[in-house]
S.K.: 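Take a look at the following structure, please.
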2 protein chains.
Amino acid sequence: MGTVTKALSLLGLFSHARLEMGLSELTRLSGMNKATVYRMMSELQAAGFVEQLDGDRAYRLGSELLRLAALREAAVPLLSVSREVLRHLCEVTGETSHMSLQRDGRLTTLTHAYSSRHGTRVAMEDAEILSFHATGSGLAYLAFAAPGFAEEVLSGPLTRHTPETETNPDRLRAALDEARRTGIAESVGGFEADVHSHAAPIFGPDQTPIGALAVAAPVSRMTPELKALIRAEIKSSALALTQRIGGFCPASYPA
Amino acid sequence: MGTVTKALSLLGLFSHARLEMGLSELTRLSGMNKATVYRMMSELQAAGFVEQLDGDRAYRLGSELLRLAALREAAVPLLSVSREVLRHLCEVTGETSHMSLQRDGRLTTLTHAYSSRHGTRVAMEDAEILSFHATGSGLAYLAFAAPGFAEEVLSGPLTRHTPETETNPDRLRAALDEARRTGIAESVGGFEADVHSHAAPIFGPDQTPIGALAVAAPVSRMTPELKALIRAEIKSSALALTQRIGGFCPASYPA
DNA sequence: ACCACAGGTTCATATAATGAACCGACAACG
DNA sequence: CGTTGTCGGTTCATTATATGAACCTGTGGT
């Protein structure tokens with residue numbers, strides 16, 4: 001493994017649970033030598049990818065990432081377009097909506113929007129890792145990903161996030177078939193209790209899914225009418241998003 | 001220079017003018033060996049920091065940057081708080097507002113907001129490099145930065161961006177004194193013709209400036225009344241932003 | 001047919017990464 | 001009040017890794 005890859009893997013250790021970490025923690029989690037980690041963190045710091053807190057000596061992600069992300073947005077306006085689409089989805093459904101992207105076998109939420117219609121709402125965090133088998137977004141992605149990928153996930157260990165999490169591979173396969181037929185996947189309380197999520201895949205230029213668009217509502221509010229509304233809106237929104245970022249739906253995606 | 005630093009410096013070659021680049025261009029700009037650049041770009045690609053276009057083989061910044069930026073936002077909600085502040089600034093002034101951050105001797109815009117009040121407005125791009133001596137933001141930063149830094153900038157070459165750009169060090173020093181007195185810096189047409197910008201510094205936890213908040217209006221709309229409004233609003237907004245990100249104004253900053 | 005330039009690859013060489021041991025500072029503890 | 005453990009950071013001989021000149025291969029222009 002190259003030095004650069006190792007250094008960048010250090011950035012991957014940060015998460016919501018670990019927004020800042022000391023040298024020892026980074027060393028432990030990475031399994032690398034302390035001196036190595038120290039030198040790499042120093043280089044990352046010089047480049048602005050991490051910064052060190054004055055009082056504590058803990059590291060956290062740096063502001064250069066914001067600059068590069070803004071530049072990436074200038075090249076591919078995924079976030080800004082998504083935010084428009086999410087805002088619309090929220091307004092018409094009255095529920096929380098979010099967008100997630102697949103990278104390196106993980107599905108991560110990137111941005112979200114809330115509706116102010118109800119006092120209660122499903123809360124979201126950006127940069128959270130979604131489960132493939134237990135979320136609407138994950139199922140929507142799997143349903144249209146390369147067949148091997150879905151099977152790989154289904155044959156692996158399927159975490160039971162809540163008592164309601166579906167972990168039976170056959171029933172999950174049936175859910176994927178259903179999603180392929182309708183273009184929309186559902187998950188009820190599989191990832192977080194009392195959350196009913198609908199999702200549709202977003203496609204890239206090569207007609208493969210790159211992520212998903214989802215609407216998450218409390219199960220208590222899910223009526224047949226709301227369901228129908230969400231399904232209609234999420235489908236047109238996902239389609240619009242795919243098109244606006246230069247992607248194409250595959251022929252197999254139901255119109 | 002370490003390998004990691006070299007690899008990360010490749011990311012710094014991307015800009016609005018160069019949103020995507022081929023291997024040769026990266027090699028030329030970086031001054032490194034082609035094989036070296038190739039291997040580094042491959043590692044960066046594997047980590048999701050850059051991606052390669054199918055048809056063309058050009059590289060562009062990758063989506064992992066969005067994920068890490070979202071995580072950075074979770075640690076320090078600079079962008080999200082800024083966007084709220086900018087939105088308010090736009091609404092009360094009716095003009096374009098933006099926020100910029102200093103990193104490695106460069107001031108870079110990170111986010112902006114437009115007002116819909118007027119048909120014409122000052123247009124902005126995120127991740128654009130601002131001139132220290134020719135923008136309100138730059139002057140606001142310099143006025144409260146370490147004294148040595150301002151002198152270093154003033155003694156260096158001062159680019160003439162427009163015919164109106166002030167390049168006389170003594171008159172710039174006077175402008176900085178004025179900014180120190182009032183807490184607000186101004187630049188009229190110094191960076192882009194017909195743009196009048198007001199700016200106030202944003203401070204970090206150590207009472208040193210980390211960036212600036214600015215309002216940019218067409219010179220033709222700049223009346224004494226608008227000026228007074230902008231000055232009042234930008235000052236309270238910058239103060240609010242500083243406080244909400246855990247920063248502190250130095251004692252020298254006029255209240 | 002030719003040239004120039006593109007992206008990508010090879011392999012001997014040289015340079016930069018590595019890791020065990022070490023340092024000083026700090027906090028907890030009997 | 002010394003002992004112990006952990007922290008961030010540093011050193012330097014050893015070794016693994018990065019490097020770069022040269023070489024493919026494909027493409028577009030003339």
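Because only heavy atoms are used, hydrogens play no part in the values below, and waters and symmetry mates are left out as well, while side chains stay in. To find a chain, count down the sequence lines: A is the first, B the second, and so on, and within it residues start at 1.
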S.K.: Rounded to the nearest Å, what distance is computed from the CG atom of residue L23(B) to the P atom of nucleotide dT9(C)?
M.R.: 10 Å
S.K.: Would you kindly give the CG-to-P distance between L53(B) and dA6(C), to the nearest whole Å?
M.R.: 17 Å
S.K.: Please report the distance, rounded to the nearest Å, between CE in M32(B) and P in dA21(D).
M.R.: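 The answer, rounded to whole Å, is 14 Å.
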S.K.: Side chains of H112(A) and T96(A): do they bring a donor and an acceptor to under 3.5 Å?
M.R.: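 The answer is no; no qualifying pair exists.
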S.K.: For Y59(A) together with F14(A), are the ring centres under 6.0 Å from each other?
M.R.: no
S.K.: Between the base of dG20(D) and the side chain of K34(B), is one N or O donor paired with an acceptor at under 3.5 angstrom?
M.R.: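 Not at all, since no donor on one side and acceptor on the other fall under 3.5 Å apart.
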S.K.: For V4(A) and for R39(A), find the nucleotide of DNA chain D with the closest heavy atom, then tell me which residue's nucleotide is more 5'.
M.R.: R39(A)
S.K.: What's the CG-C1' distance between L44(A) and dA17(C), to the nearest Å?
M.R.: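 After rounding, the reported distance stands at 15 Å.
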S.K.: Rounded to whole angstroms, how far apart are CZ on R57(B) and P on dT25(D)?
M.R.: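 The answer, rounded to whole Å, is 14 Å.
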S.K.: Ignoring backbone atoms, test whether R28(A) places a side-chain nitrogen or oxygen under 4.0 Å from the OP1 or OP2 oxygen of dC7(D).
M.R.: yes
S.K.: dG8(D) C1' sits how many Å from Y59(A) OH, rounded?
M.R.: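 In whole Å, dG8(D) C1' and Y59(A) OH are 8 Å from each other.
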S.K.: What's Q52(B) touching, base or sugar-phosphate or nothing? Going by heavy atoms closer than 4.0 Å.
M.R.: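 Contact class for Q52(B): sugar-phosphate only.
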S.K.: So, R72(A) side chain and F49(B) main chain: donor-acceptor pair closer than 3.5 Å or not?
M.R.: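 No; zero donor-acceptor contacts below 3.5 Å.
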S.K.: Using heavy atoms to find the nearest nucleotide of DNA chain D for N33(A) and G2(A) separately, return the residue whose nucleotide is more 5′.
M.R.: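 Comparing both residues, the 5'-ward one is N33(A).
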S.K.: Side chain of T3(A): nearest nucleotide among dT10(D), dA18(D), dG7(C)?
M.R.: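 Within the option list, the nearest is dA18(D).
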S.K.: So if I take every side-chain heavy atom of E43(B) and compare against dT9(C), dA18(D), dG9(D), which nucleotide ends up nearest?
M.R.: dA18(D)
S.K.: If you compare every side-chain N and O of Y38(A) against the phosphate oxygens of dG8(D) (OP1, OP2), does one of them come in below 4.0 Å?
M.R.: no
S.K.: Under 4.0 Å, heavy atoms only, any strand: does M40(B) hit a base, just the sugar-phosphate, or nothing?
M.R.: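 Sugar-phosphate only.
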S.K.: Pick the closest DNA chain C nucleotide for A35(B) and for S24(B) by heavy atoms, then say which residue is nearer the 5' end.
M.R.: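 Its nearest nucleotide being more 5', the pick is S24(B).
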S.K.: Going by the rule side-chain contact (heavy atoms from CB on, under 4.5 Å), which residues pair with L29(A) if we only count those two or more places apart in sequence or in a different chain?
M.R.: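 Once residues adjacent in sequence are excluded, the partners of L29(A) under the side-chain contact (heavy atoms from CB on, under 4.5 Å) criterion are L13(A), R18(A), M21(A), E25(A).
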S.K.: Kindly assign one of parallel, tilted or perpendicular to the pair Y141(A) and F132(A), based on the angle between their ring planes and the thresholds 30° and 60°.
M.R.: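 Judged by the thresholds at 30° and 60°, the geometry between Y141(A) and F132(A) is tilted.
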S.K.: Ignoring backbone atoms, test whether T36(A) places a side-chain nitrogen or oxygen under 4.0 Å from the OP1 or OP2 oxygen of dG19(C).
M.R.: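 Yes, such a contact exists.
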